[in-house]
Amino acid sequence: GAVVSQHPSWVICKSGTSVKIECRSLDFQATTMFWYRQFPKQSLMLMATSNEGSKATYEQGVEKDKFLINHASLTLSTLTVTSAHPEDSSFYICSATPGAMNTEAFFGQGTRLTVV
Amino acid sequence: EDKVVQSPLSLVVHEGDTVTLNCSYEVTNFRSLLWYKQEKKAPTFLFMLTSSGIEKKSGRLSSILDKKELFSILNITATQTGDSAVYLCAVSTGTASKLTFGTGTRLQVTL
């Protein structure tokens, strides 16, 4: 199946700093990628839709100035958590779907962010 | 607002038992329903269902979709301890295959 690589797999940062998470589709091009957040023992919640060459679309309640998304190429989307706080500690995961066909979404490995 | 509901929320069974996990949905622009298994990290894909009444099978796991009643079930027969995980149901909508996830069912298989 298609491969989506996410980096880093875990990160610890100090409160007030920014953290960048990368999501790459390794063997296909993705005009659209999705960013999810998962708190402990909860399901995945969609944060935003990352669109190559245009602005991301954010879900209700997600601050676009805090969670900066850049989709500069067909194989790379980045999520930057700016001025991170302990409540931003979570599991962040991206997904992408090859092409325009109705196929399954492929997930990155996820990034566990801990803000101290 | 798109909604996906899974039941039960959690389940404990003995090895060898058969389990049925439920997923119902209310969405606009339905494309497909997907089942994932999540252990420690990222979800791993199990099934994608687009048509009603066609059972998909993989080993001891099987799943079926009812688009009229808006639900799907995931069956696991002869459960093993390695089946212990959270099982996520998601519905894909729209042209970009945006996924809306259910809350998940936490399955624990004991010896």
Side-chain angles (χ1 to χ4, degrees), chain A residues 1-10 21 23 25 28 30-52 54 56-61 71 77 90-113, chain B residues 1-11 21 23-25 27 29-51 56 58 63 65 67 72 84-108:
Chain A
V3 179
V4 174
S5 175
Q6 191 173 335
H7 177 82
S9 55
W10 61 270
I21 303 169
C23 180
S25 55
F28 66 95
T31 53
T32 304
M33 292 184 177
F34 299 94
W35 287 97
Y36 297 85
R37 179 167 54 183
Q38 186 176 35
F39 290 109
K41 301 205 174 171
Q42 292 187 28
S43 192
L44 279 73
M45 295 296 294
L46 179 66
M47 297 175 67
T49 303
S50 173
N51 304 300
E52 187 267 335
S54 65
T57 308
Y58 290 82
E59 295 299 300
Q60 198 171 6
H71 195 149
S77 174
S90 187
F91 187 61
Y92 293 86
I93 189 164
C94 69
S95 78
T97 303
M101 302 295 291
N102 192 15
T103 61
E104 76 226 46
F106 292 91
F107 286 88
Q109 304 93 318
T111 297
R112 184 157 303 284
L113 170 65
Chain B
E1 186 184 330
D2 294 341
K3 195 159 60 166
V4 178
V5 178
Q6 289 184 248
S7 65
L9 290 181
S10 66
L11 194 54
L21 310 183
C23 175
S24 63
Y25 61 92
V27 302
N29 254 341
F30 175 91
R31 287 171 61 92
S32 58
L33 185 143
L34 301 97
W35 285 96
Y36 289 88
K37 177 182 181 182
Q38 186 177 30
E39 295 172 269
K40 298 284 185 195
K41 292 210 168 178
T44 53
F45 173 76
L46 295 175
F47 298 110
M48 184 170 79
L49 303 154
T50 53
S51 303
K56 292 227 172 170
S58 176
S63 184
L65 172 68
K67 287 169 77 173
S72 173
S84 297
V86 175
Y87 290 84
L88 296 167
C89 171
V91 175
S92 170
T93 58
T95 54
S97 298
K98 166 181 157 178
L99 291 180
T100 301
F101 281 86
T103 46
T105 293
R106 185 173 296 275
L107 173 66
Q108 187 180 348

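Every chain is numbered from 1 and lettered A, B, ... according to where its sequence line falls, protein lines coming before strand lines.
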Participant: Are B/Phe101 and A/Tyr36 near enough that their ring centres are under 6.0 Å apart?
Facilitator: yes

Participant: So for A/Ile93, is it side chain, backbone, both, or neither that comes closer than 4.5 Å to the heavy atoms of chain B?
Facilitator: side chain

Participant: With a 4.5 angstrom heavy-atom cut-off, which part of A/Gln6 approaches chain B: side chain, backbone, both or neither?
Facilitator: neither

Participant: Decide if the gap between the ring center of B/Tyr36 and the ring center of A/Phe107 is smaller than 6.0 angstrom.
Facilitator: yes

Participant: Only counting residues at least two apart or in another chain, list the ones meeting salt bridge (charged side-chain N to carboxylate O under 4.0 Å, His left out) with A/Glu59.
Facilitator: B/Lys98

Participant: Would you please say whether a donor-acceptor pair under 3.5 Å links the side chains of A/Gln60 and B/Glu1?
Facilitator: no

Participant: Could you tell me which portion of B/Leu99 (side chain, backbone, both or neither) has an atom closer than 4.5 angstrom to a non-hydrogen atom of chain A?
Facilitator: both

Participant: Counting heavy-atom pairs closer than 4.5 Å to chain B, which one of A/Gln38, A/Arg112, A/Gln42 comes out on top?
Facilitator: A/Gln38

Participant: Of the listed residues (B/Arg106, B/Gln38, B/Gln6), which shares the most heavy-atom pairs with chain A below a 4.5 Å separation?
Facilitator: B/Gln38

Participant: State, to 0.1 Å, how close B/Ala42 and A/Gly108 come at their nearest heavy-atom pair, and which atoms those are.
Facilitator: CB-O, 3.0 Å

